[in-house]
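Just so you know, these numbers use all the heavy atoms, side chains as well, and skip hydrogens, waters and symmetry mates. Everything numeric here is computed off the predicted structure, so don't read it as measured data.
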Amino acid sequence: MTSQADPATRTDAGRADFNRRLLAFLAASPTPFHAVANLAAALDAAGFIRLDELAPWALAPGERYYCTRNGSSIIAFVVGSAPLDVGGIRLVGAHTDSPCLMVKPQPEITTRGYFKLGVEVYGGALLAPWFDRDLSLAGRVVYRDGAQLRQMLVDFGDPVAVIPSLAIHLDRGANDGRAINAQTDIPPVLFQVGEGRASDFRQLLAERFLAGKSDARVLDYELYFYDTQKPALVGLYGDFIASARLDNLLSCFVGLDSILAATGDETAMLVCADHEEVGSVSACGAQGPMLASVLERLVPDDETRTRVIARSLMISADNAHGVHPNFVAKHDENHGPLLNQGPVIKVNARQRYATSSLTAALFRQLAHEVDAPLQSFVTRTDMGCGSTIGPVTAAEVGVPTLDVGVPTFAMHSIRELAGTADAWMLRCILAHFHNRAGSLVIAEG
């Protein structure tokens, strides 16, 4: 196995440019639908060919392709010139969804003249930080235009709602661990009801996004509240990235930037799946058939595909818990990753992460070849452990897999925090992974 690492990719200028583009991607991607649209636009600009799942595929070595499903999941791949039965497929996986507040189908609530929207909590959201934020709405709307059904991405953009906190004078125990009732405490307030103000939410959507279409009618939607505060570099010396949806759009962008650097010698693939935060069980989730169907069309022969998958490697990239300086006791003493000290290999004995000694060793070798530091994360033995698309993908497809991520604070908050160096280092490792010649199989003996 030979190294094709380019030390020039690890310059300070490269990292600064990467972070600038990362912040722009995060700001432009308030929902999984917008994230996939932005990923697709970047792939289009790089010459990737969009494939239609409804049509036959004619794939050629040296070409670059991508396909989407439900508008919220995307798979991009480069068909390499090297034989697949030597180098296998170099897969990077991430997920496009993030914990948030999702508007209910019949959401209208009017209380004392205030118009609110009922919401469901999507995923394991940390709810307290959602209070007193300038919120907007974005997602997908499906409407009837005459006899034609159409869909469109929408984004109010401006702050249109807020969830006001209850004053401390009315809840003296608020700082003593008060529980938040997701049904009654968090419906966002949009406006005060008055003359000329529509109180039907679908009508509000039509007025905002279907103006000029006299026959159009909103039939359904998937809409999410989001914080309008822009992503930013923060800290006295700019050490940190603060943003919504770092888990896991940061990994999606890292995966995008690394596959764009693929030379085309080896076969490389990026899988960004929806619905990880709610279990991945869907047609476009990691436990659904999307990846398997793409692999079947890439390698149609069953026996050949089995051998190729055994020679492949999936790197599941999802954020890791950095050791919190105010809550050090929440971490295992020997496995507390620090921000800006390198990507993290995640291990769990109960297979909540898919990492094995073989896949971890391969990743350590990749990092060594680009001179990138690594850290390890294992949760405390007396605490539960989250999971990722890694174990799901390994179980569904059979590909050797490991879980890695960028250390993060405030995971699942409305605004999370990561280091400015870690995502760039992970990108350098993954770009090298896509281009490294030779077999990924570790020899016996």
Side-chain angles (χ1 to χ4, degrees), residues 1-5 75-95 251-252 254-259 261-273 286 290-292 294-296 298-299 304-318 320 343-348 351 353-370 372 374 376 387-406 425-444:
M1 295 188 289
T2 61
S3 173
Q4 299 177 6
I75 295 178
F77 56 98
V78 178
V79 182
S81 57
L84 280 173
D85 59 0
V86 176
I89 304 172
R90 319 302 175 84
L91 298 100
V92 172
H95 63 87
S251 298
C252 290
V254 169
L256 169 70
D257 212 54
S258 61
I259 200 169
T263 63
D265 295 331
E266 302 294 336
T267 298
M269 184 173 289
L270 171 64
V271 182
C272 295
M290 185 180 181
L291 174 57
V294 170
L295 292 173
E296 288 169 4
L298 177 61
V299 189
T304 302
R305 186 171 60 256
T306 298
R307 289 190 285 107
V308 168
I309 288 173
R311 288 186 170 276
S312 301
L313 178 65
M314 159 70 90
I315 299 177
S316 167
D318 201 346
V344 178
I345 296 175
K346 303 193 288 186
V347 179
N348 182 258
Q351 288 296 294
Y353 303 132
T355 307
S356 70
S357 59
L358 294 175
T359 58
L362 283 168
F363 192 75
R364 292 185 187 280
Q365 181 64 21
L366 292 168
H368 170 74
E369 290 169 356
V370 295
L374 292 178
S376 296
S387 192
T388 71
I389 69 167
V392 172
T393 303
E396 291 293 318
V397 178
V399 61
T401 303
L402 82 154
D403 279 288
V404 303
V406 166
M425 285 188 276
L426 180 58
R427 181 266 178 206
C428 293
I429 297 170
L430 296 184
H432 176 48
F433 169 58
H434 286 321
N435 294 324
R436 187 179 191 270
S439 174
L440 297 172
V441 177
I442 296 179
E444 297 280 351

Contacts of type side chain to side chain contact (heavy atoms under 4.5 Å, CB included), residue Thr267, not counting sequence neighbours: Leu84, Ile89, Leu298

Side-chain touch Thr393/Val271, heavy atoms, less than 4.5 angstrom: no

Shortest non-hydrogen contact from Arg305 toward Val299: NH1-O, 2.7 Å

Over all atoms of both residues, closest heavy-atom pair of Leu366 and His432: O-CD2, 3.6 Å

Qualifying salt bridge (charged side-chain N to carboxylate O under 4.0 Å, His left out) pairs, either residue in residues 387-405, two or more places apart: none

Partners meeting side chain to side chain contact (heavy atoms under 4.5 Å, CB included) with Ser376 (sequence neighbours left out): His335, Arg364

Ser81: partners by side chain to side chain contact (heavy atoms under 4.5 Å, CB included), with sequence neighbours left out: Asp265

Any Val397 side-chain heavy atom under 4.5 Å of Met314 side chain: no

Shortest non-hydrogen contact from Thr401 toward Ala394: OG1-CB, 3.6 Å

Value rounded to 0.5 Å, distance of OG in Ser356 from CD in Gln351: 8.0 Å

Test item: Asp318 side-chain N/O and Ile389 main-chain N/O as donor-acceptor pair under 3.5 Å: no

With sequence neighbours excluded, residues passing side chain to side chain donor-acceptor pair (under 3.5 Å) with Asn348: none

Spatial distance of atom CD1 (Ile345) from atom CG (Leu402) [nearest 0.5 Å]: 6.5 Å

Side chain proximity check, Asp257 to Leu430, heavy atoms < 4.5 angstrom: no

CZ-CG distance between Arg436 and Leu313, expressed to the nearest 0.5 angstrom: 10.5 Å

ring-ring contact (aromatic ring centres under 6.0 Å, His included) involving Phe77 - partner list, sequence neighbours excluded: Tyr65

Atom of Ser387, atom of Tyr353 and distance for their closest heavy-atom approach: CA-CE2, 4.3 Å

Exercise: identify the closest heavy-atom pair between Val78 and Ala262: CG2-CB, 4.3 Å

Euclidean distance, Ser258 OG relative to Ile429 CD1, rounded to 0.5 Å: 11.0 Å

Pairwise side-chain contact, Leu440 with Ser312, heavy-atom cut-off 4.5 Å (strictly under): no

Residues in side chain to side chain donor-acceptor pair (under 3.5 Å) contact with Ser251, at least two apart in sequence or another chain: Asn248

Backbone N/O of Thr355 and side chain of Thr359: donor-acceptor pair under 3.5 Å: no

Close side-chain approach of Ser316 to Thr388, heavy-atom, < 4.5 Å: yes

Close side-chain approach of Ile259 and Val92, heavy atoms under 4.5 Å: no

Qualifying salt bridge (charged side-chain N to carboxylate O under 4.0 Å, His left out) pairs with a residue from residues 79-93, counting only residues at least two apart or across chains: Arg90-Glu266

For Arg311, all residues meeting salt bridge (Lys or Arg N to Asp or Glu O under 4.0 Å), sequence neighbours excluded: none

Which residues share a side chain to side chain donor-acceptor pair (under 3.5 Å) with Thr306, sequence neighbours left out: none

